[in-house]
Amino acid sequence: MKRWAPVSHGTVREGVIAGAVGATGVALWLFITDVLASQPLYTPRVLGQGVARLLGLGVPDATTAIVGYTIIHYAVFAFLGSLSAAIVHRSRKDPTIFAGALLIFAVLEAAFALFMLALHAVELFGRYGMVQIAGANIFGWVLIGVVLWRAHPGLRRSIDKGLSGA
């Protein structure tokens with residue numbers, strides 16, 4: 001019986017995969033909530049137009065806004081997945097890195113909330129819009145975590161050590 005070679009845990013490769021899973025989960029979350037509100041693709045269109053406005057590009061048509069948002073969305077999640085994978089890989093040598101990772105997570109979440117405020121999300125999505133988008137964002141982070149958790153069976157020990165300061 002032939003044994004399989006161990007799977008490579010390259011940081012970028014692993015991070016891009018984790019990020020793609022997270023980005024796809026967020027996209028599905030937003031699509032489902034938009035369909036339930038009888039406005040398919042409303043959220044990516046509005047976010048794409050908002051980003052274009054912030055970059056001084058004017059307001060693009062719906063298709064350009066959705067495609068532009070999707071490209072940015074996946075690129076950001078590939079970066080976040082790679083950052084998360086780098087943290088996981090580094091934590092094998094220094095388990096206390098998880099304390100820093102929690103701080104980074106809190107800062108990223110706060111930055112995301114400020115970004116949504118800059119896009120005037122409450123006016124664009126209604127009073128539950130921030131909840132919808134924050135829920136999607138947390139769902140994306142959970143998916144990234146699940147991918148990395150499954151790829152690194154010893155991760156729990158590193159988390160325990162890191163949080164206890166051992």
Side-chain angles (χ1 to χ4, degrees), residues 7-91 98 100-152 155:
V7 176
S8 170
H9 286 288
T11 302
V12 173
R13 177 183 171 276
E14 190 173 282
V16 168
I17 290 168
V21 169
T24 302
V26 169
L28 287 172
W29 175 292
L30 295 176
F31 180 73
I32 290 168
T33 57
D34 284 349
V35 166
L36 292 174
S38 299
Q39 297 183 56
L41 301 176
Y42 175 78
T43 302
R45 178 181 58 82
V46 170
L47 289 175
Q49 290 171 337
V51 169
R53 245 188 345 268
L54 280 178
L55 296 175
L57 301 174
V59 180
D61 63 87
T63 302
T64 303
I66 291 166
V67 170
Y69 167 76
T70 301
I71 291 167
I72 291 169
H73 174 80
Y74 274 87
V76 167
F77 268 88
F79 170 76
L80 294 174
S82 296
L83 177 64
S84 299
I87 290 168
V88 167
H89 288 212
R90 180 72 174 104
S91 71
F98 275 104
L102 291 174
L103 178 61
I104 290 170
F105 176 76
V107 168
L108 287 174
E109 286 300 307
F112 178 75
L114 290 173
F115 176 70
M116 293 312 300
L117 290 173
L119 289 179
H120 303 286
V122 174
E123 291 99 26
L124 295 172
F125 301 106
R127 69 177 172 176
Y128 298 113
M130 287 295 285
V131 173
Q132 171 197 357
I133 293 170
N137 191 40
I138 291 168
F139 182 57
W141 276 111
V142 167
L143 290 174
I144 288 172
V146 166
V147 169
L148 294 175
W149 186 270
R150 290 180 55 115
H152 297 274
L155 188 56

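Given the structure is predicted, the values throughout are model-derived calculations rather than measurements. Only this structure's heavy atoms are used, side chains among them; waters, hydrogens and symmetry mates stay out. Here, residue 1 is the first one in the sequence, and each next residue gets the next number.
G10 approaches H89 most closely through the heavy-atom pair C-CE1, 4.0 Å. Heavy-atom minimum distance, R45 versus A65: O-CB, 3.6 Å. Closest heavy-atom contact between V26 and A136: CG2-O, 3.0 Å.
Using a 4.5 Å heavy-atom cutoff, the side chains of L83 and L108 are in contact. Considering only heavy atoms from C-beta on, F77 comes within 4.5 Å of I144 through its side chain. Between T43 and F31 there is no side-chain heavy-atom pair separated by less than 4.5 Å.
How far CG of L57 is from OG1 of T64: 11.0 Å, rounded to the nearest 0.5 Å. Here the straight-line distance linking atom CG of L30 with atom OH of Y69 works out to 5.5 Å at 0.5 Å rounding. R13 CZ to S82 OG: the interatomic distance, rounded to the nearest 0.5 Å, is 12.0 Å. Once rounded to the nearest 0.5 Å, the distance linking CD1 of I87 with OG1 of T11 reads 11.0 Å. Between the CG atom of L143 and the CD1 atom of I138 there is a distance of 12.0 Å, given to the nearest 0.5 Å. To the nearest 0.5 Å, atoms CD (Q49) and CG (D61) are separated by 8.5 Å.
Ring geometry for F105 against W141 counts as perpendicular: the plane angle is over 60°, on a 0 to 90° scale with 30° as the lower cut.
By the side-chain hydrogen bond (donor to acceptor under 3.5 Å, both in side chains) test, T33 pairs with Q132, sequence neighbours left out.
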